[in-house]
Amino acid sequence: RCLVEGEILNLLASGSTQKEIGQELSISPKTVGTHIQSLFGKFDVHSRAVLVARAYMLGLAEPRPHDVSKREVRDREREVPLGAISQPQP
């Protein structure tokens, strides 16, 4: 497994999107997609979820329970509009 694919696998496991992975590794999202397709073949899978699950089972990616992924941050921001947070009253 090449180093870039290992990094991509860990970033996928942490919830990063293809675009975010490209930005993180300074490569194009299309190149990221090519590496993901290569990983599909190497792991004999057809989806990102199964790829990440298989990587966890094989010990090639570590679940990070205390890590908040960029996707989770975005999702949380969508759930609570900034104006909906009230200040405590004195």
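Both backbone and side-chain heavy atoms feed into the values below; hydrogens, waters and symmetry mates do not. None of these values were measured; they are calculated from a predicted model.
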Participant: What are the two closest heavy atoms between I21 and S16, and how far apart are they?
Facilitator: CG1-CB, 3.7 Å
Participant: If hydrophobic clusters are built by linking Ile, Leu, Val, Met, Phe, Trp and Tyr wherever their side-chain heavy atoms come under 4.5 Å apart, do I8 and M57 end up in the same one?
Facilitator: no
Participant: Any non-hydrogen side-chain atom of F43 less than 4.5 Å from a side-chain atom of L60?
Facilitator: yes
Participant: Can you check whether T17 reaches E20 side chain to side chain, under 4.5 Å on heavy atoms?
Facilitator: yes
Participant: Mind checking the CG-CD spacing from L12 to E7? Nearest 0.5 Å is all I need.
Facilitator: 12.0 Å
Participant: Any donor and acceptor pair, going by atom type alone, linking the side chain of D44 with main-chain N or O of F40 inside 3.5 Å?
Facilitator: no
Participant: Between Q18 and R48, is there a side-chain heavy-atom distance shorter than 4.5 Å?
Facilitator: yes
Participant: Ignoring hydrogens and angles, tell me if any N or O in the side chain of R54 forms a donor-acceptor pair with the backbone of V45 under 3.5 Å.
Facilitator: no
Participant: Determine all donor-acceptor pairs shorter than 3.5 Å in which one atom belongs to a side chain in residues 29-36; sequence neighbours excluded.
Facilitator:
unit_1	atom_1	unit_2	atom_2	d
T31	OG1	S28	OG	3.0
T34	OG1	K30	O	3.1
H35	ND1	E5	OE2	3.3

Participant: For S47, which residues count as a side-chain contact (heavy atoms from CB on, under 4.5 Å) partner, sequence neighbours excluded?
Facilitator: A49, V50
Participant: Between atom CG of L9 and atom NZ of K42, what is the distance when rounded to the nearest 0.5 Å?
Facilitator: 10.5 Å
